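As structure tokens, the structure follows; a few thoughts come after it.
Values below: every heavy atom of this structure, side chains too, minus hydrogens, waters and symmetry copies. What you are looking at is a predicted structure, and each value in this text was computed from that prediction instead of being measured. Throughout, residue positions are numbered sequentially from 1 according to the sequence presented.
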Amino acid sequence: MTERRDETVESGPREKCGVVGISLEDRAAALPTYYALYALQHRGQESAGIVTHDGFQQHSHVEMGLVGDAFDEDDVEALKGSAGIGHVRYPTAGSVDKSCAQPFTVSFKGGALGLSHNGNLVNAESVRDELASSGHAFTSDGDTEVIAHDLARNLLEEDLVRAVKRTMNRIHGSYALTISHDDTVLGVRDPEGNRPLCIGELDDGYILASESAAIDTLGGELVRDVRPGELVVLREDGSGFDSYQLVEQEHTANCFFEYVYFARPDSTIDGELVYEVRRELGRQLWAESGVESDVVMPVPDSGRAFASGYAEASKEDGTGDGVEFAEGLMKNRYVGRTFIMPTQEARERAVRLKLNPIRSTVEGKSVTIIDDSIVRGTTSNQLVKLVRDAGAEEVHVRIGAPAIVAPCYMGIDMATREELIAAEKSEEEIAEEIGADSLSYLSIDAVTEAIGKSRSDLCLGCVTGEYPYDIDGETTDRDVTRPAVGGDADVPADD
């Protein structure tokens, strides 16, 4: 039976995945990999896995569930070897079952492969069909297995670096990979750098991780980000790493939603501390659409930095006393996912299980609520009602990102165009639908200014409807050519 999650509680964009790769001098890699996955738990909650290699054989443990549920002490102890990779997954392509849980492993005459993937391929089906026609047998419908089989085939004919480059020249889409080839650990970031991946130094080795927070957890130091199109190979003795720039692109396509929502606020991505970017987004929100209310409060937890910056900017612009920052919604951190409820009353109760208003903060006051996004609008409707029921006289909603008007094909589990409330409605119409006195989104220009990147170096597909990859039926925001695979014609994307 397939369970459907309650969209009144989980209507926001869902996290993608988190990847880790570790190579140590002579210490077992499994436990630090386990801790690093804990630090990346926010990026995926459906499955968790670790693959290690002890110099002789590969060891793997992959289970459904959270990191703490997927592993016990014996599981970690059984993962021998000083090199390992790990993965936490929220499915965006492939089934929600163990067959698509990662790291994905392949044993072949060229050795043993383990592969963890954050992102989503656009041309996975074409590559899969070609590989299947040449005898490759697939056990899942995920795109990670496609990468693993293609790389394994190339490793039969090429050395490691050339094999990776051949695979990169065939796959099209977004990917940050950590790979184990026997006891060698490597990391790859797609040529557009859509997904984050960074390098950290530990006391006795090196780590690759989706976010620097995982490096901090292990007491390491952030070295730098893996560059778009770069292959990083960790040395087997933990003494360093080697870099190979395999593909060069004129522009990147960093996912702006990493800064807005996905990444932990204490992570640094491409040189920017996410918390400070979100505070700047809040300041920009005040500059563009600030409203003189009695209090501004975040939707926990992602709205907190936005609201802090918003309140600070309101006090600095000299036009009034400013808006007071306050915590008006308390989050119950011990509630797991809730599922579709049969009645409206039950659905509202599900929201109250997660969030409870502080009446003294809102009663008799005009309130501004700040959130990171509105997808379908269902949760926003319930939040506004929650605050009004607690006695607020006015409820204004401000969003620290542009309106989401198109789906994401790059690894974010987002609604279809038909389900996106902003795809067909104006800000005024959305405000009316969710019951707010006013609603404003942040402009794209404000987002680029806060992140410190130009529009041409960001992926803005979900807020513009134009993408940095060649996606069937969609337009592009740059010159893109999808790799020719099998019978595919090598033609440019629509423009």
Side-chain angles (χ1 to χ4, degrees), residues 11-16 92 119-120 122 173-174 192-196 251-263 269-270 272 274 277-278 280-285 287-289 299 302-303 305-306 370-377 379-380 397-431 433-434 439-471 473-478 480 493-495:
S11 65
R14 294 177 186 141
E15 293 87 341
K16 295 157 278 192
T92 55
N120 197 52
V122 172
S174 133
E192 285 76 21
N194 187 256
R195 291 287 165 262
H251 293 288
T252 61
N254 302 150
C255 173
F256 86 95
F257 242 101
E258 290 285 352
Y259 300 92
V260 170
Y261 177 68
F262 291 118
I269 298 178
D270 289 324
E272 299 292 335
V274 173
V277 171
R278 289 181 187 164
E280 180 59 26
L281 290 167
R283 297 173 68 87
Q284 296 278 355
L285 197 54
E288 288 191 343
S289 61
V299 176
S302 57
F306 298 111
I370 297 193
D371 205 353
D372 56 79
S373 62
I374 298 178
V375 181
R376 297 174 179 86
T379 298
S380 298
V397 176
R398 296 293 180 267
I399 303 299
I404 298 173
V405 299
C408 175
Y409 298 93
M410 306 293 89
I412 302 174
D413 188 12
M414 200 175 281
T416 63
R417 276 186 174 85
E418 292 71 27
E419 296 172 304
L420 294 168
I421 192 171
E424 300 292 340
K425 290 182 169 62
S426 67
E427 287 186 356
E428 293 75 15
E429 290 170 329
I430 297 170
E433 183 157 331
I434 67 175
L439 165 72
S440 286
Y441 294 91
L442 196 58
S443 71
I444 293 174
D445 287 343
V447 169
T448 62
E449 183 176 340
I451 295 174
K453 293 181 182 291
S454 68
R455 288 180 66 145
S456 60
D457 285 324
L458 292 172
C459 180
L460 297 160
C462 62
V463 297
T464 64
E466 297 181 343
Y467 300 87
Y469 300 93
D470 177 6
I471 300 165
E474 301 288 359
T475 58
T476 64
D477 62 4
R478 62 195 71 190
V480 183
D494 295 336
D495 53 24

Test side-chain contact (heavy atoms from CB on, under 4.5 Å) applied to Cys255 and Met410, step by step: CA-CA 9 Å; Cys255 173; Met410 306 293 89; over 6 Å; no

Pairwise distance CG(Asp457) to OG1(Thr252) - rounded to 0.5 angstrom: 3.5 Å

Rounded to the nearest 0.5 Å, what separation is found between the CG atom of Asn120 and the SG atom of Cys408? 8.0 Å

side-chain contact (heavy atoms from CB on, under 4.5 Å) between Val299 and Asp372, intermediate numbers included: CA-CA 8 Å; Val299 176; Asp372 56 79; over 6 Å; no

Heavy-atom check, side chain of Asp477 versus side chain of Thr464, under 4.5 Å: no

May I ask you to decide if the ring planes of Tyr409 and Tyr467 are parallel, tilted or perpendicular, using 30° and 60° as cut-offs? perpendicular

Looking only at heavy atoms, what is the nearest atom pair of Ile374 and Ser380, with distance? CG1-OG, 3.5 Å

Heavy-atom side-chain contact between Ser373 and Ile404 under 4.5 Å: yes

Considering non-hydrogen atoms only, spot the tightest contact between Arg478 and Ala253 and give its length. NH1-CB, 3.9 Å

Less than 4.0 Å between a side-chain N and a carboxylate O, is that true for Arg417 and Glu474? yes

Is there a side-chain contact between Val122 and Asp470 (heavy atoms, below 4.5 Å)? no

Any chance you could measure His251, atom NE2, to Cys459, atom SG, to the nearest 0.5 Å? 14.5 Å

Quick one: CG on Asp371 to CZ on Phe306, what's the gap to the nearest 0.5 Å? 8.5 Å

Tyr441 side chain near Leu285 side chain, heavy-atom distance below 4.5 Å: no

Minimum heavy-atom distance Ile269-Ala263, with the two atoms named: CD1-CB, 3.6 Å

Mind checking whether Asn254 and Asn194 have side chains closer than 4.5 Å, heavy atoms only? no

CG-CZ distance between Leu439 and Arg398, expressed to the nearest 0.5 angstrom: 7.0 Å

Start with the C-alpha distance between Arg455 and Leu460, add both sets of side-chain angles, then the distance that settles side-chain contact (heavy atoms from CB on, under 4.5 Å), and finish with yes or no. CA-CA 8 Å; Arg455 288 180 66 145; Leu460 297 160; 4.1 Å; yes

Under the side-chain contact (heavy atoms from CB on, under 4.5 Å) criterion, do Leu442 and Glu288 qualify, and how do the steps go? CA-CA 7 Å; Leu442 196 58; Glu288 288 191 343; 3.4 Å; yes

Would you give the length of the straight line joining atom CD of Glu418 to atom CD of Glu424, rounded to the nearest 0.5 angstrom? 8.5 Å

Hey, does Arg278 have a side-chain heavy atom less than 4.5 Å from the side chain of Val260? no

Suppose we screen for salt bridge (charged side-chain N to carboxylate O under 4.0 Å, His left out). Which residues come up paired with Glu192, at least two apart in sequence or across chains? none

In short, Arg195 meets Gly411 closest at the heavy-atom pair NH2-N, 3.8 Å

Run the salt bridge (charged side-chain N to carboxylate O under 4.0 Å, His left out) test against Asp270 and tell me which residues pass, sequence neighbours left out. Arg189

Would you say Glu429 has more than 12 foreign heavy atoms packed within less than 6.0 Å of its CD? yes

Give me the atom names and distance for the closest heavy-atom approach of Ile444 to Pro402. CG1-CG, 3.7 Å

Measure the shortest side-chain to side-chain distance between Glu272 and Ile451 over non-hydrogen atoms and say whether it is less than 4.5 angstrom. no

How about Ser174 and Tyr469: do any of their side-chain heavy atoms sit closer than 4.5 Å? yes

Compare every heavy atom of Leu281 with every heavy atom of Val447, then report the nearest pair and how far apart it is. CA-CD2, 3.9 Å

